[in-house]
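Input: a single structure, listed below in structure tokens.
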Amino acid sequence: MANEFRAPNKDVVQKVWQEFGLNEQRVKESVEALKKWLAMQPHLPEESGSLHEARLERWLIRCKNSMERTKQSIDLYYTLKSLAPDLMCGWNPRSKWFQDTVQKFCFFPMPELTPEGDRVIIARYINNDSTNFVPDDLNKICLMTTEVRMCEEYCFTDILIFDIENYTLGHASKVKFTTVKKIEVGLMIYVHGKDLTNFTKQVPQMCLPDYLGGTGGSFQENWNLWLKKLDSYHDWFLQHENFKSDESKRQGGDFNFGDLFGFEGSFRKLNVD
């Protein structure tokens, strides 16, 4: 039976802090410094409240306690909400596009951390029907999940398991290269076939759903629980949509959209197991 996703305990938090040279006092000081920096950026929105501070804390952790990287990441986040509203806006878990998409695709964190403190994320096409498949809607589900985790999560890193058993040419034909560029991140990819021997050596059973040989409950149970979690953020999603950059107020000139979504760069290495 699947368990509900819950914030890691104090021991995990302490281990993560220790890994990145942090303690409670340093975290508070860093969050205050980020709040002051945000207040001095005329193009960035003003947010407040404990949830905002919790997100800044996790932003700092995700950027490995680098203030400069954290500031760049925060700036990029709000900028994307202005420059890529097709992906970063419209996050309503009670809307028709959302309800349609979650019947075809699931994306959720498993409730148990690995012994190393990593979080396993399951991405899966529920069936092979590519009719009315909208890649951007799928990507929005992923981003909504990431947003919630930024409010509650503590872990060292993510292990993303992308199950492509039901992925078809019909799905692939609808994915635009520009969409890939928008969601491209620095990943090292391992491909496993039907033999999951090496796979189960990398990921403990307690962090896997039943159908992958794990003991973490069925994927449907886990998915249903995560959908309830996303729905609990309904009001927050709608309110937060208004927090985006105002590029007319950016100091030093406009953000270069071409640099962000251009065609430069290269694909990451693919390791086939």
Side-chain angles (χ1 to χ4, degrees), residues 1-24 27 54-55 57-66 69-70 73 105-126 141-165 183 185-230 268-273:
M1 183 176 180
N3 296 318
E4 289 189 13
F5 178 88
R6 55 190 179 277
N9 58 41
K10 291 183 178 179
D11 288 341
V12 173
V13 173
Q14 291 292 334
K15 288 179 181 178
V16 173
W17 282 356
Q18 184 177 9
E19 174 71 17
F20 300 114
L22 292 167
N23 54 41
E24 187 172 359
V27 168
R55 292 174 74 244
E57 178 179 337
R58 285 158 177 80
W59 233 313
L60 184 70
I61 295 296
R62 285 287 176 170
C63 293
K64 299 181 179 180
N65 193 23
S66 167
R69 287 180 60 188
T70 304
S73 179
F105 178 78
C106 64
F107 186 90
F108 59 86
M110 292 297 291
E112 299 294 336
L113 291 173
T114 70
E116 294 76 24
D118 300 329
R119 181 72 67 185
V120 173
I121 313 295
I122 303 294
R124 185 189 190 196
Y125 291 89
I126 297 174
I141 297 290
C142 300
L143 290 168
M144 291 169 71
T145 291
T146 301
E147 192 86 348
V148 171
R149 293 181 63 221
M150 284 292 288
C151 297
E152 302 187 19
E153 179 67 288
Y154 252 100
C155 66
F156 285 107
T157 189
D158 292 345
I159 300 174
L160 174 59
I161 298 174
F162 198 167
D163 181 350
I164 60 172
E165 180 181 9
I183 62 171
V185 292
L187 298 176
M188 189 66 83
I189 301 172
Y190 295 85
V191 178
H192 299 271
K194 294 186 179 298
D195 183 359
L196 299 180
T197 304
N198 290 332
F199 170 71
T200 53
K201 289 180 181 178
Q202 294 174 330
V203 186
Q205 286 184 310
M206 66 179 181
C207 299
L208 292 172
D210 298 349
Y211 87 101
L212 290 176
T215 59
S218 73
F219 96 86
Q220 192 63 59
E221 288 175 322
N222 280 284
W223 185 217
N224 289 342
L225 287 172
W226 188 251
L227 289 176
K228 290 181 180 179
K229 171 69 73 173
L230 290 176
R268 303 306 193 262
K269 181 180 178 182
L270 180 67
N271 289 294
V272 180
D273 185 3

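In what follows, residues are counted from 1 in the order of the sequence shown.
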Distance (rounded to the nearest 0.5 Å) between [X] [atom1] and [Y] [atom2]:
| X | Y | atom1 | atom2 | value |
| --- | --- | --- | --- | --- |
| Q14 | N9 | CD | CG | 10.0 Å |
| N222 | I122 | CG | CD1 | 8.0 Å |
| R58 | C63 | CZ | SG | 14.0 Å |
| I161 | L212 | CD1 | CG | 6.0 Å |
| C207 | I159 | SG | CD1 | 7.5 Å |
| F105 | I141 | CZ | CD1 | 8.5 Å |

(message) Please verify the inter-ring angle class for F162 with Y125; under 30° counts as parallel, over 60° as perpendicular, anything in between as tilted.
(response) parallel
Looking at [Y] and [X], is there a salt bridge between them, counting it only when a charged N and a carboxylate O are closer than 4.0 Å?
| X | Y | answer |
| --- | --- | --- |
| R119 | E153 | yes |
| E147 | R55 | yes |
| R6 | E112 | yes |
| E152 | K229 | yes |

(message) With a 3.5 Å distance limit and no angle check, can you tell me whether S73 reaches the backbone of R69 through a side-chain donor-acceptor pair?
(response)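 Not a single qualifying donor-acceptor pair exists.
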(request) Test V16 against L22 for side chain to side chain contact (heavy atoms under 4.5 Å, CB included), laying out the working first. (result) CA-CA 8 Å; V16 173; L22 292 167; over 6 Å; no
Is there a side-chain contact between [X] and [Y] (heavy atoms, below 4.5 Å)?
| X | Y | result |
| --- | --- | --- |
| M110 | L208 | no |
| F107 | L160 | yes |
| I126 | F219 | yes |
| L113 | D118 | no |
| N23 | Q18 | no |
| P115 | M206 | yes |
| W226 | E4 | no |
| R62 | M150 | yes |

(request) Taking all heavy atoms of N3 and all of L225, pick out the closest pair and write down the distance. (result) O-CD1, 3.5 Å
(request) Write down the atom of G216, the atom of D210, and the distance for their closest heavy-atom approach. (result) N-OD1, 3.9 Å
(message) Pair I61, W17 - check side chain to side chain contact (heavy atoms under 4.5 Å, CB included), show working.
(response) CA-CA 8 Å; I61 295 296; W17 282 356; 4.0 Å; yes
(request) Cation-pi check, R124 to F108: give yes when NZ or CZ is under 6.0 Å from the six-membered ring centre and within 45° of the ring axis, no otherwise. (result) no
